[in-house]
*Asks:* 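Take this structure first; my questions come after.
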Amino acid sequence: MPVVFPRCPRCNARLSVSPDGDRLWCQFCGAERDDPDAQAVIAQIKADPNHQITDYNPPARLRDISPDQRRMLNDAWESIQQGDRKTAEFVLHNALKRFDYTADIWYLLALTADAPDEKHFFLDQALAEEPRHEYAWRDKGILDGVIPGGSGHAAATPDPSEPVAADAEAQICPLCHAPLGFDAARGMVVCGHCGFTPGQPRPVSFRGGYDRLENALLQRRFGFSKEWRIGQRVFVCENCHAQLTIPTTTLATQCPFCDSPQVLIRDAVGSFEEPDALLPFRIDRAAAAKAVHRRLPSDLRERIERGEVQGVYVPFWSFEGVVSVMLGLDENAGVLFRPGVYDIGDVLVGGVTQPSQAALYELMSYDLDRLVRYDRRYLGRWPAQIYRVDVVQASITGRAYLKYAARRLSTGYDLPGIELARTDSQVYRTPNTPLWQRARVEIERMNYRLLLLPVWMIRLILRDGTSRPAVVNGQTGEAIILASFRQPDLIIAGPNRPPVEDLPIQPLMQRRRNVIRPIKPPR
């Protein structure tokens, strides 16, 4: 039998066991009971603690709940625990008519529903009333399959000092077992030994792969995030069965024993997610070297002894969002601004710390219309990095840029092409003007996907033993020369793109002049 707690003689709330466990008390008004009936309830709880009926404990919220509303929530919660959903529905619908704050009422109504659509409706109503309602977010995540329900639990935090077991796929020729590799000049996967070309990945433009950002936030909030900090990963080569250990930043590498390309699929703790799309290399090694040679200043060119060239796929987070711009009442608002809802896409945020943001900014832009769906065969012979900046961190920068872009569009200005949002830029802040300080710029929806974009990493070795880093856009051939590895933000040669400018403020249209002339009295 469930334990039924008596009511408080003062406020009629349900009593509970006191923190020290020797009496019953009311957590709302402080009343206590230690009579024989109360001790009998405590003894029953201690004998079978799993069959007690508890009060509803709301999550943290911005306002207090009245005693009457608490009693109705407790009555509904008691009925739900006893399996009496009809009574709970009756109590909750009456509560909707009586009280202004309804987030907890809508949440409990979701617990009385069986149909997923009905549950979604109630949970959305709860979140509309209280966007931080933790219970509603949790249940919505379980309902959508974003986080596990029931007995599901987050994986144990891995020990960074120990390698994490992983699975990888070898990219080898099915005829001669030689390594397969993507040939940038031919635009296809080719065996370097026998010339066999397996079934090619479909070279069609891929615009999908987006996931809702709120899903990633839910996983982070409830402990199911894929952003574990680990030291190394260890896996067994499919081709020669050698055990390999690779750094945490490596997605694709080559086996040092059999030279076969290896592409990670997963690891034991789910610490990373595979990319959604990639942009194949179009500039080969020779073209990348020529691009750097043309960009070099003449004095530096004469001092170079040799160069080391390596093509790498670099991870970027791509965000799209819907942003609403609502302006306060002002006589100039209709002249200066255009309120509305703006759909903004293809905002890139770097997923790595090297190359630096300054270098990646100069490499822009990429033609994302040529993106293809992620296929591991593209990574044969091409190393690839795993992101160091996770999606939750990147979304902070992406969110700031989306709002900045919406402000520009509402002011009548165009956006640049494929833009790299910068975390070190201050121009994404709201302009310090009276109109913008009163305006509301809200992100209604935000989605993300993970991309791999091609970059040539080049080390220029000088005759005096020093070296200079350089990077080349693997699609366009744009080359950047950096000052040194210790100063990755200092660019000594490059396209010198203009910096992001603060939002200009000027009218969208000319104010109409008064064309009615005053009537002059007759002479």
Side-chain angles (χ1 to χ4, degrees), residues 155 157-158 160 163-164 166-168 206 209-213 215-220 224-233 235 246-253 262-280 310-320 346-361 363-364 366 368 371-376 378-379 382-401 418-424 446-455 457 471 473-474 488:
T157 304
V164 172
D167 295 324
F206 180 62
Y210 281 99
D211 196 5
R212 292 186 298 176
L213 180 62
N215 291 347
L217 298 177
L218 277 173
Q219 291 170 346
R220 168 67 65 87
F224 299 96
S225 176
K226 297 181 178 181
E227 319 305 340
W228 297 120
R229 297 301 180 192
I230 64 176
Q232 295 177 317
R233 295 182 179 89
F235 64 93
I246 60 174
T248 184
T249 57
T250 301
L251 177 65
T253 186
Q262 303 287 327
V263 182
L264 282 183
I265 302 173
R266 69 186 69 86
D267 63 24
V269 297
S271 65
F272 71 96
E273 56 183 286
E274 285 192 304
D276 299 293
L278 62 77
L279 198 58
Q310 177 67 67
V312 179
Y313 281 107
V314 177
F316 288 80
W317 298 103
S318 175
F319 294 97
E320 66 172 12
D346 292 330
V347 177
L348 298 179
V349 178
V352 294
T353 55
Q354 292 295 335
S356 66
Q357 286 193 81
L360 294 178
Y361 181 78
L363 283 184
M364 296 290 124
Y366 287 89
L368 298 190
L371 281 170
V372 298
R373 188 186 297 272
Y374 175 69
D375 191 304
R376 300 186 193 105
Y378 281 109
L379 303 189
W382 297 88
Q385 297 182 3
I386 291 178
Y387 53 88
R388 296 296 300 272
V389 179
D390 63 48
V391 65
V392 177
Q393 294 173 293
S395 68
I396 298 173
T397 302
R399 187 182 299 273
Y401 183 85
I418 306 303
E419 182 64 274
L420 178 75
R422 299 277 296 271
T423 58
D424 58 351
M446 191 170 176
N447 300 326
Y448 75 96
R449 60 178 174 173
L450 180 59
L451 309 180
L452 290 181
L453 303 183
V455 176
M457 311 285 286
V471 289
N473 186 315

*Asks:* Could you pull out all residues at least two apart from Q385 that satisfy side chain to side chain donor-acceptor pair (under 3.5 Å)?
*Replies:*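 With neighbours one apart ignored, the set is empty.
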*Asks:* Holding to side chain to side chain contact (heavy atoms under 4.5 Å, CB included), I want the full list of residues that pass it with S395, two or more places apart in sequence or in another chain.
*Replies:*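 S395 satisfies side chain to side chain contact (heavy atoms under 4.5 Å, CB included) with L213, F319, M446 only.
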*Asks:* Suppose we screen for side chain to side chain contact (heavy atoms under 4.5 Å, CB included). Which residues come up paired with A166, at least two apart in sequence or across chains?
*Replies:*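 R233, F235, L264, D267.
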*Asks:* Does D167 have any salt bridge (Lys or Arg N to Asp or Glu O under 4.0 Å) partners at least two apart in sequence or in another chain, and if so, which?
*Replies:*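 Salt bridge (Lys or Arg N to Asp or Glu O under 4.0 Å) list for D167, sorted by chain: R266.
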*Asks:* Are side-chain heavy atoms of L420 and F316 found at a separation under 4.5 Å?
*Replies:*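 Touching, per the 4.5 Å side-chain cut-off.
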*Asks:* Look up atom CG in L450 and atom CG in D390, then write down how far apart they are to the nearest 0.5 Å.
*Replies:*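 Going from the CG atom of L450 to the CG atom of D390 covers 11.5 Å.
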*Asks:* Go through the structure and list residues passing side chain to side chain donor-acceptor pair (under 3.5 Å) with D276, not counting sequence neighbours.
*Replies:*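 Not a single residue meets the side chain to side chain donor-acceptor pair (under 3.5 Å) criterion with D276.
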*Asks:* According to side chain to side chain contact (heavy atoms under 4.5 Å, CB included), who are the partners of T353, at least two apart in sequence or on a separate chain?
*Replies:*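 Testing T353 for side chain to side chain contact (heavy atoms under 4.5 Å, CB included), a comparison that skips the adjacent residues, returns none.
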*Asks:* Does any non-hydrogen side-chain atom of V471 lie less than 4.5 Å from one of M457?
*Replies:*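 M457 vs V471: side chains touch.
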*Asks:* One pair to check against side-chain contact (heavy atoms from CB on, under 4.5 Å): L251 and I386. What are the steps and the verdict?
*Replies:* CA-CA 5 Å; L251 177 65; I386 291 178; 3.5 Å; yes
*Asks:* Please identify each residue that fulfils ring-ring contact (aromatic ring centres under 6.0 Å, His included) with Y448, with sequence neighbours left out.
*Replies:*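 W317.
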*Asks:* Looking at every non-hydrogen atom in both residues, tell me the closest pair between L452 and A384 and how far apart they are.
*Replies:*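 Taking L452 first and A384 second, the nearest heavy atoms are CD1-CB, 4.4 Å.
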*Asks:* Could you pull out the closest heavy-atom pair between A421 and Y401, with the gap in Å?
*Replies:*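 Closest heavy-atom pair between A421 and Y401: CB-CB, 3.8 Å.
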*Asks:* What pair of heavy atoms forms the shortest contact from P454 to P280, and how long is it?
*Replies:*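 For P454 versus P280, the nearest heavy atoms are CG-O, 4.0 Å.
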*Asks:* State which residues pass side chain to side chain contact (heavy atoms under 4.5 Å, CB included) with S318; sequence neighbours excluded, sorted by chain then number.
*Replies:*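 If we apply the side chain to side chain contact (heavy atoms under 4.5 Å, CB included) test to S318, skipping adjacent residues, the hits are Y210, D346, L348, R449, L451.
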*Asks:* Mind checking what makes salt bridge (Lys or Arg N to Asp or Glu O under 4.0 Å) contact with R376, not counting sequence neighbours?
*Replies:*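 For R376 the salt bridge (Lys or Arg N to Asp or Glu O under 4.0 Å) partners, ignoring immediate neighbours, are E169, E274.
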*Asks:* Closest approach of Q262 and A168, non-hydrogen atoms and distance?
*Replies:*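 Of all heavy-atom pairs spanning Q262 and A168, the closest is OE1-CB, 4.0 Å.
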*Asks:* Does some side-chain heavy atom of T250 sit less than 4.5 Å from a side-chain heavy atom of P383?
*Replies:*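 No. Closest side-chain heavy atoms not under 4.5 Å.
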*Asks:* To the nearest 0.5 Å, what is the distance between CG on L278 and CH2 on W382?
*Replies:*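 Taking CG in L278 and CH2 in W382, the distance rounds to 12.0 Å.
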*Asks:* Under the ring-ring contact (aromatic ring centres under 6.0 Å, His included) test, which residues partner Y313, sequence neighbours left out?
*Replies:*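 For Y313 the ring-ring contact (aromatic ring centres under 6.0 Å, His included) partners, ignoring immediate neighbours, are F281.
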*Asks:* Quick check: do Y378 and V372 have side-chain heavy atoms less than 4.5 Å from each other?
*Replies:*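 They are in side-chain contact.
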*Asks:* Taking all non-hydrogen atoms of both residues into account, name the closest pair between R212 and N447 and its distance.
*Replies:*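 Nearest pair, atom of R212 first, then N447: CA-OD1, 3.5 Å.
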